[in-house]
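Just below is one structure, and these are the notes that go with it.
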Amino acid sequence: MPAPYALRAEESRGRRYPEEAHAYRNVFQRDRDRVVHSRAFRRLENKTQVFTGRRSDHFRNRLTHTIEVAQISRTIAAELQLNEDLVEALALVHDVGHPPFGHAGERVLNAAMQEHGDRFDHNLHALRTVEQFEHRYAEFPGLNLTFEVREGIVKHSRDYDAKDFPELAEYLLDQRPPLEAQLIDFTDEIAYSTADLDDGVEAKILTREQVRENVPLFARLHAEVEQRYPATAEKLLFNETLKRVLDRLVSDLIANSRKLIGEAGVESGEAVRRHPQRLIAFSPRVDEERRQIKEFLYQNVYYSPAQQRDKQQAEKVIAEMFAFFMKFPRLLPASYQEKSRIEPLHRIVCDYVAGMTDSYIFDQHKRFCGPKKRIGV
Ligand code: MG
């Protein structure tokens, strides 16, 4: 039974192109299903989360990360009596705007766009993807998702100022997003920060000792685990500890958000929107523990020398492909050439490159910019 502050499917502001109601799936269940059946969703399998697939089949990719986010989000949504269908749709769609090669890809595309006085933002690209680049349905372009799912794509991780983003005016930028959307930013970070510790060790970029010695929450929980399982292999102690880190973050997020929601006295989805602050948050103590994990990952994984080679290669491939299609737009697929008649070329090239998977962009790069390229730049 959803709480009064949950967003009900019947209250949805609807779709761009009105559709008849489905016999037994509500609007958010249908949105979830459309996302799962989209091409952008399937491409996540071949997009880097942090570690490239070349090192091991066991690392998270952006698809398995997305599934982890959906699982954690549903658990929390059920406990807080939020709308689980909306939460699931938002979790599954949250990363479809990511370009190849994770954050390195995002940075290079943004830099390339800035040369044209524009920018690249993965949330806004996700919105373009679901609105314009999925061609599956006879009656409308894109996935024709509900307002709330599109709003969540835009607003889950940051606030946008209507002054700088006039094209987003319809998304109630002066209001908070529903709790279901607020949740996704937190579950995203819970999922990736615990997973990156795990994959970092698996990739041998981190040692288990290093995690234990430098992440205070991990150290404390590890001491408890060691006491409980004294004669157990370190690998299993590490896993048991990591599981407890995840549990600690999730449980605190539930308890603290419940407290904030109670104190705010919000009794409807509209009251959540009008409340001056977001109401999903960690307690100050756990927020500090979360920050310490993030800081550790930045210093020892994301900016580690071991990751530099992959990053530099990613930057080169994306920058060269962007420059290539700017110079030879006639080699873009026909549908993109068509679009470049109504939007600036750099935007269309950016859309095309951002939509590529890691393996596809490598193939294209070899074909067009490699030593035996077919067409010179
Ligand atoms: Mg994510």
Side-chain angles (χ1 to χ4, degrees), residues 31-32 35-36 38-53 58-77 86-107 109-110 120-130 145 149-160 177 179-200 203 242 245-246 249-250 253 278 280-282 290-291 293-295 297-298 301-302 307 310-311 314 354-358:
D31 282 2
R32 172 201 60 201
V35 170
V36 169
S38 69
R39 295 197 339 177
F41 183 75
R42 292 196 292 280
R43 284 183 193 168
L44 293 172
E45 185 188 5
N46 220 328
K47 291 198 177 189
T48 294
Q49 176 64 18
V50 173
F51 303 95
T52 57
H58 300 159
F59 298 140
R60 275 82 176 170
N61 58 46
R62 223 164 256 287
L63 180 61
T64 65
H65 159 73
T66 294
I67 295 169
E68 291 184 6
V69 174
Q71 171 257 314
I72 296 168
S73 302
R74 284 200 61 136
T75 299
I76 299 175
L86 175 56
V87 161
E88 191 177 17
L90 290 171
L92 293 173
V93 81
H94 90 281
D95 265 355
V96 298
H98 264 289
F101 310 130
H103 290 282
E106 193 168 1
R107 244 190 344 270
L109 272 181
N110 192 39
F120 176 79
D121 174 306
H122 72 92
N123 290 338
L124 304 188
H125 183 66
L127 192 62
R128 283 173 71 78
T129 303
V130 299
L145 300 175
V149 171
R150 284 179 284 125
E151 178 197 22
I153 290 173
V154 176
K155 285 159 75 175
H156 72 271
S157 60
R158 55 167 287 197
D159 293 318
Y160 290 86
L179 298 173
E180 285 80 359
Q182 295 184 28
L183 178 60
I184 302 303
D185 196 35
F186 291 88
T187 50
D188 186 24
E189 186 172 342
I190 292 173
Y192 74 67
S193 56
T194 49
D196 293 343
L197 290 174
D198 194 21
D199 287 349
L242 203 54
V245 170
L246 202 158
L249 297 173
V250 167
L253 189 63
R278 294 188 177 218
I280 302 286
F282 292 112
R290 171 206 66 80
R291 200 196 54 74
I293 299 175
K294 196 166 180 172
E295 178 85 33
L297 285 168
Y298 266 93
V301 178
Y302 307 145
Q307 286 286 86
D310 279 359
K311 252 193 216 167
M356 293 183 184
T357 60
D358 293 15

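Atoms within a ligand are numbered from 1 in the order they appear, just like the ligands themselves.
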S157 side chain reached by N123 side chain, heavy atoms, under 4.5 Å | yes

Shell check on the Mg ion (ligand 1): protein N, O or S atoms less than 2.8 Å away are H65 NE2, H94 NE2, D95 OD2, D188 OD1

For this session: Start with the C-alpha gap between V93 and D31, add the side-chain angles, then the distance that decides, and say whether side chain to side chain contact (heavy atoms under 4.5 Å, CB included) holds.
Result: CA-CA 9 Å; V93 81; D31 282 2; over 6 Å; no

**Item:** Output field: ring centroids H98/H125 closer than 6.0 Å
**Value:** no

Notebook entry, point to check: Can you say whether the rings of H156 and H94 are parallel (under 30°), tilted (30 to 60°) or perpendicular (over 60°)?
Noted result: perpendicular

| task | Give the ring-plane orientation class for H65 versus Y192, where under 30° counts as parallel, over 60° as perpendicular and anything between as tilted. | result | tilted

* Residues D95 and T66: side-chain donor-acceptor under 3.5 angstrom -> no

